[in-house]
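First the proteins, then the strands, lettered A, B, ... as listed; each starts at 1.
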Amino acid sequence: MLLVNTIRDNFEAVLHGLQKRNFANAETVLLQVLEIDKNRKETQVQRDNLQADSNTISRQIGALMKEGKKEEAEKIKSKTSEIKEQIKTLETTYSNFEEELKQLLFTIPNVPHVSVPKGKSAEDNEIVLEHGKIPVLPENKLPHWELIKKHDIIDFDLGVKIAGAGFPVYKGKGARLQRALINFFLDEALKAGYIEVQPPILVNEDSGYGTGQLPDKEGQMYEATVDKLFLIPTAEVPITNMYRDVILEEQDLPIKNVGYTPCFRREAGSWGAHVRGLNRLHQFDKVEIVHISHPDQSYTALEDMSKYVQNLLQKLELPYRVLRLCGGDMGFTSALTYDMEVYSAAQERWLEVSSVSNFETYQANRLKLRFRGEDKKTQLAHTLNGSALALPRIVASILENNQTENGIKMPNVLVPYLGFDFI
RNA sequence: AGAGAGUUGGGUGAGUGGCUUAAACCAGCAGUUUGCUAAACUGUCGUACGUGUUAAAGCGUACCGGGGGUUCGAAUCCCCCACUCUCUGCCA
């Protein structure tokens with residue numbers, strides 16, 4: 001969440017940024033934040049002063065008791081009840097202000113980077129670049145949901161039988177393709193200097209709040225209610241939360257982690273057109289990269305991550321484009337997001353396969369993720385993450401783009417991982 | 001899952017109601033000294049919010065796993081929860 005100090009010290013910039021996101025009543029809400037914070041501080045001063053008085057009296061009583069002056073002690077004791085009553089009232093007022101402030105801050109999204117374009121929806125995203133040639137397929141081309149049946153490599157009906165819609169079963173060469181992609185992505189990340197982690201795929205409530213899935217987005221996560229745990233929608237949650245309540249040394253930065261996990265999303269309300277086949281699933285596999293960065297370095301890191309993801313797509317020989325998301329299409333917690341989309345040549349559609357974001361201090365503030373700078377003071381670090389990559393849509397475009405008379409040709413870079421070159 | 005024992009600063013660890021404003025040691029940092037990758041000595045060494053200030057120092061409050069309670073006063077007593085260890089049970 002945003003820092004109150006940021007809102008106070010850069011009011012115009014924050015206001016302008018939130019308007020770029022079409023955040024309703026931005027000015028009213030921001031002024032309300034400052035008002036509540038002012039009340040909070042004033043209450044704290046009163047409370048602390050009374051508490052200090054009370055502490056002094058208690059020490060006096062202690063001293064008198066020691067000297068055996070019991071009567072005097074009793075006399076002073078009687079004075080305390082009124083102070084205690086006042087402290088109690090102020091304490092309640094204070095926590096109410098604090099809670100009100102927190103709840104209000106939860107409703108305010110991150111301030112977009114200056115380079116983020118205005119806009120309302122995906123229509124307004126800015127195409128940064130396009131790379132690769134869109135393949136020309138024969139007339140009898142098939143979409144991937146037909147190809148998987150033809151070659152018997154992914155079975156949706158079987159998934160329905162054992163779990164439900166959106167939980168496919170990968171079989172034979174389909175399963176081996178999944179495994180090859182995961183290994184390829186992890187190996188590439190290791191070469192690029194990432195430290196691999198295998199985090200839990202169930203997380204507690206604190207973790208959900210830390211990265212911003214909670215509150216509000218409970219509906220998007222599967223929940224193990226008996227144990228109050230959530231199935232992760234992305235490895236971002238457990239990996240970033242490894243650094244919750246941590247104070248790093250400046251020389252520890254940047255931290256670069258990579259992890260493979262399955263991801264689970266309820267996708268409530270998002271079923272409709274364009275969700276056939278692998279386009280949208282409840283369970284899918286993803287390799288995620290996470291950076292913890294010095295604030296001065298985070299946008300360099302974001303560009304590096306973008307180039308890294310693009311490099312993977314180039315190695316897989318997939319045509320892609322990079323979008324800079326507009327204010328209206330960006331995630332709640334992000335300051336700047338690049339989406340990478342691959343072209344799926346039989347569907348004749350661009351499919352999002354990666355989203356790379358800089359959250360600046362928005363997550364770090366909730367996570368209390370800090371580092372000690374040169375001046376020995378703690379300050380919030382910047383967090384970033386990106387998919388590198390999400391599997392299903394990569395598989396969809398590999399299958400569609402590479403279909404030939406003799407089967408589906410696998411990208412060269414995967415052949416050593418696969419042990420075969422055609423499906 | 002059951003029974004018992006625990007959770008104190010970066011680490012080890014003392015602390016059974018007011019001499020704790022959390023001891024001591026180690027590590028870290030700064031310095032002094034001795035001719036050398038070392039030792040000794042001295043000092044310093046948590047976090048947050050607030051106050052103060054050009055900035056700081058300083059000052060106030062809170063924090064001893066988390067939350068609540070008793071009390072003039074709680075690391076210490078009581079209740080709930082989480083986690084760790086030991087034993088028993090179950091188990092890949």
Side-chain angles (χ1 to χ4, degrees), chain A residues 1-9 33-105 198-210 214 223-230 238 241-253 255 262 361 363-381:
Chain A
M1 62 186 128
L2 295 181
L3 289 156
V4 175
N5 285 345
T6 308
I7 296 174
R8 190 171 31 238
D9 299 343
V33 167
L34 296 185
E35 177 67 20
I36 296 169
D37 190 55
K38 189 172 146 248
N39 292 337
R40 192 198 107 244
K41 282 186 193 177
E42 285 171 4
T43 310
Q44 186 183 345
V45 171
Q46 293 178 41
R47 182 201 63 185
D48 285 359
N49 286 341
L50 281 179
Q51 188 60 254
D53 292 346
S54 167
N55 289 346
T56 308
I57 292 171
S58 290
R59 273 192 289 267
Q60 284 171 358
I61 292 172
L64 289 171
M65 298 286 267
K66 191 144 299 157
E67 295 168 33
K69 299 174 179 172
K70 235 180 171 180
E71 279 179 30
E72 280 185 55
E74 287 299 329
K75 210 181 277 179
I76 302 177
K77 227 190 246 191
S78 60
K79 293 203 304 193
T80 60
S81 63
E82 194 186 336
I83 291 185
K84 278 188 69 179
E85 209 48 50
Q86 287 177 321
I87 291 176
K88 212 172 176 184
T89 309
L90 286 167
E91 189 63 54
T92 309
T93 311
Y94 182 82
S95 13
N96 287 345
F97 281 135
E98 212 176 27
E99 182 63 22
E100 200 183 341
L101 184 62
K102 198 174 80 179
Q103 290 305 327
L104 194 57
L105 287 171
Q198 278 194 28
I201 60 176
L202 284 153
V203 293
N204 58 27
E205 261 186 308
D206 284 348
S207 296
Y209 278 101
L214 297 175
E223 187 176 358
T225 48
V226 176
D227 298 289
K228 287 188 190 153
L229 295 171
F230 297 88
N241 270 284
M242 297 195 306
Y243 304 98
R244 173 155 44 84
D245 289 320
V246 167
I247 301 177
L248 297 159
E249 294 301 325
E250 189 166 354
Q251 64 260 24
D252 297 334
L253 301 173
I255 288 173
T361 59
Q363 288 182 332
N365 187 29
R366 284 200 199 177
L367 293 160
K368 294 195 172 56
L369 163 52
R370 291 156 293 173
F371 71 97
R372 212 179 298 279
E374 262 180 63
D375 56 1
K376 301 287 174 200
K377 282 189 179 172
T378 59
Q379 56 175 309
L380 294 171

For atom [atom1], what is the distance between [N] and [M], given to the nearest Å?
N      : M      : atom1 : value
B/rU61 : B/rU21 : P     : 11 Å
B/rC83 : B/rC26 : C1'   : 27 Å
B/rC79 : B/rU20 : P     : 29 Å
B/rG11 : B/rC64 : P     : 16 Å
B/rA14 : B/rG4  : P     : 23 Å
B/rG17 : B/rA75 : P     : 13 Å
B/rC25 : B/rG35 : C1'   : 32 Å
B/rU32 : B/rA39 : C1'   : 13 Å

Discussion item. I want to confirm an ordering. Mapping A/K88 and A/S58 to their closest nucleotides on RNA chain B, which one lands closer to the 5' end?
Written reply: A/S58

Worksheet item: Between A/Q44 and A/I57, which has a closest nucleotide on RNA chain B that is more 5'?
Response: A/Q44

My understanding is that a pair needs two contacts under 3.5 Å, Watson-Crick or G-U wobble. By that rule, which nucleotide pairs with [N]?
N      : result
B/rG6  : B/rC83
B/rC91 : none
B/rG43 : B/rC29
B/rU61 : B/rA48

[X] [atom1] - [N] [atom2] separation (whole Å):
X      : N      : atom1 : atom2 : value
A/E98  : B/rC63 : CD    : C1'   : 13 Å
A/E91  : B/rA62 : CD    : P     : 10 Å
A/D206 : B/rG65 : CG    : C1'   : 13 Å
A/R47  : B/rG60 : CZ    : P     : 15 Å

Practice prompt. Look at A/R40 together with A/E98 and state whether they make a salt bridge at an N to O cut-off of under 4.0 Å.
Written response: no

Worksheet item: Does one side chain, of A/E99 or A/Q103, offer a donor that lies under 3.5 Å from an acceptor on the other?
Response: yes

Worksheet item: Quick one: side chain to side chain contact (heavy atoms under 4.5 Å, CB included) partners of A/T43, sequence neighbours excluded?
Response: A/L90, A/T93, A/Y94, A/F97

Worksheet item: Does the side chain of A/V33 come within less than 4.5 Å of A/L2's, by heavy atoms?
Response: no

Practice prompt. Please lay out, stage by stage, how A/V246 and A/L367 fare under the test side chain to side chain contact (heavy atoms under 4.5 Å, CB included).
Written response: CA-CA 8 Å; A/V246 167; A/L367 293 160; over 6 Å; no

